[in-house]
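Throughout, protein chains are lettered first and strands after them, A, B, ... in sequence-line order, and every chain is numbered starting at 1.
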2 protein chains.
Amino acid sequence: MPVSLEPRAVAELLKAFSHATRLAILQELVAGPKCVTDMEELLPARQANISQHLAVLRHARLVDYSQDGAVRCYYLCRPRLVRDVLELAGRDEPVVKRTAEEINLDKERLAKSLERKPRSKAGKPTRGGKASI
Amino acid sequence: MPVSLEPRAVAELLKAFSHATRLAILQELVAGPKCVTDMEELLPARQANISQHLAVLRHARLVDYSQDGAVRCYYLCRPRLVRDVLELAGRDEPVVKRTAEEINLDKERLAKSLERKPRSKAGKPTRGGKASI
DNA sequence: TTCGAGTATTCGATTCTTCGAATATCCTAG
DNA sequence: CTAGGATATTCGAAGAATCGAATACTCGAA
């Protein structure tokens with residue numbers, strides 16, 4: 001149930017992660033705070049573009065900065081979230097292939113649990129009870 | 001280091017998550033396998049659109065299906081990944097505000113560790129050693 | 001075989017994203 | 001105050017994503 005309530009907000013958050021340059025920026029910030037000039041050296045992108053991506057990350061509340069003279073030191077303002085997302089997206093889980101039988105078992109399990117607390121729309125009986133195997 | 005190697009691939013993966021309807025679909029599939037018709041009842045979207053989003057999720061290797069007669073039963077083919085991403089994006093970490101002092105400490109730490117294994121480009125000396133506080 | 005239910009794909013139109021160039025803003029040293 | 005470095009914002013063009021409508025495909029029952 002965590003997501004079901006505000007999928008739009010969650011989508012917004014994840015969208016902020018979904019760009020190669022922004023991921024690279026976040027990656028760099030995991031290593032430690034950096035100013036825009038530092039990032040210019042580290043990334044294959046122009047200053048203006050980096051600033052634009054930083055603006056996106058700021059709006060998503062993934063980064064913030066502390067002004068140090070003329071320089072802005074960017075840092076992760078939700079470091080746990082960023083590290084965990086990067087870690088998760090980086091590791092690759094093996095893809096599973098499921099059989100019709102397994103799936104029908106799942107459907108039966110789900111049907112049973114719905115019987116107990118019948119919140120359903122009482123529409124047609126959710127096909128799948130018995131499949132023509 | 002997990003991400004640094006293929007930020008584009010990671011961005012692609014995360015982009016597949018970054019849409020309210022697709023998140024809702026994944027959410028439903030966490031509860032159990034479903035066919036397109038089931039999803040039509042559960043989501044505020046047309047059949048064609050749901051199929052389009054399922055195609056995106058399939059290309060990202062987040063879902064797959066098993067054909068059961070004329071029906072296609074969709075399921076998560078990397079359930080762990082999906083559950084973990086949904087969970088992560090759902091919980092909200094408090095936003096931290098960092099002070100200039102903390103940041104400079106971090107920078108010094110980073111500088112030290114770079115001294116030990118000097119892999120840097122030998123460019124200008126990465127500003128921040130001493131900031132004009 | 002034909003039909004119909006279930007699902008996928010194609011096609012445009014609309015909207016969003018991204019980028020570089022140009023420009024504006026902010027800050028500090030002189 | 002003024003210049004110059006650092007960063008942000010605006011603008012316009014190019015490309016990508018999204019959606020509904022229409023259409024195509026596929027399977028099993030009759």
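- Identified under the salt bridge (Lys or Arg N to Asp or Glu O under 4.0 Å) test for residues 13-28 of chain A, with sequence neighbours left out: A/E12-A/K15.
- Rounded to an integer number of Å, the gap from B/E40 CD to D/dG20 P is 12 Å.
- OP1 or OP2 of C/dT18 sits under 4.0 Å from a side-chain N or O of A/R22.
- Straight-line distance from the NZ atom of B/K15 to the P atom of C/dC16: 16 Å, rounded to whole Å.
- Scanning all heavy atoms of the two residues, the minimum distance from A/A89 to B/L13 falls at O-CD2, 4.0 Å.
- Put simply, OH on B/Y65 is 7 Å from P on C/dA8, counting in whole angstrom units.
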Under 3.5 Å, which protein N or O atoms sit close to an N or O of nucleotides 19-22 of chain C? Give each pair with its distance.
| unit_1 | atom_1 | unit_2 | atom_2 | d |
| --- | --- | --- | --- | --- |
| C/dC19 | OP1 | A/H19 | NE2 | 3.4 |
| C/dC19 | OP2 | A/N49 | OD1 | 3.0 |
| C/dC19 | OP2 | A/N49 | ND2 | 3.4 |
| C/dC19 | OP2 | A/H53 | NE2 | 2.5 |
| C/dC19 | O5' | A/N49 | ND2 | 3.4 |
| C/dG20 | O6 | A/Q52 | NE2 | 2.9 |

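- In this structure, the side chains of A/D38 and A/C35 come closer than 4.5 Å at one or more pairs of heavy atoms.
- What separates CG of B/L54 from C1' of D/dT18 is a distance of 15 Å, to the nearest Å.
- Between A/R58 and D/dA8, a side-chain N or O to OP1/OP2 separation shorter than 4.0 Å is present.
- Whole-Å rounding puts the B/M39 CE to C/dT7 C1' distance at 11 Å.
- Here the CZ atom belonging to A/R78 is positioned 11.0 Å from the CZ atom belonging to B/R91, to the nearest 0.5 angstrom.
- Atom CG in A/D68 sits roughly 14 Å away from atom C1' in D/dT7 (whole-Å rounding).
- Judged by distance alone, the side chain of B/Y75 and the main-chain N or O of A/I103 form no donor-acceptor pair under 3.5 Å.
- Among the protein residues, A/Y74 comes within range of the sugar-phosphate backbone only, with heavy atoms under 4.0 Å from sugar or phosphate atoms but none that close to a base.
- Within the 4.5 Å cutoff, the side chain of B/V82 has no heavy atoms near those of the B/L29 side chain.
- Look at CD on B/E41: it is 11 Å from P on C/dT7, rounded to the nearest Å.
- Within the helix from C/dT1-D/dA30 to C/dG30-D/dC1, the inter-axis angle between the opening and closing five-pair segments is 10°, rounded to 10°.
- Ranked by how close their nearest DNA chain C nucleotide is to the 5' end, A/Q67 and B/A55 are led by B/A55.
- Side chains of A/V85 and B/V85 form no contact here, defined as non-hydrogen atoms less than 4.5 Å apart.
- A salt bridge between A/K97 and B/D64 is present, with a side-chain N of the basic residue lying under 4.0 Å from a carboxylate O of the acidic one.
- Residue A/A70 has its side chain nearest to D/dA6 when only D/dA6, D/dC27, D/dT9 are considered.
- Rounded to an integer number of Å, the gap from CD1 of A/I25 to P of C/dT18 is 12 Å.
- Taking only side-chain nitrogens and oxygens, B/R72 never comes nearer than 4.0 Å to OP1 or OP2 of C/dG6.
- In this structure, B/L81 CG and B/R61 CZ are separated by 13.0 Å, a value rounded to the nearest 0.5 Å.
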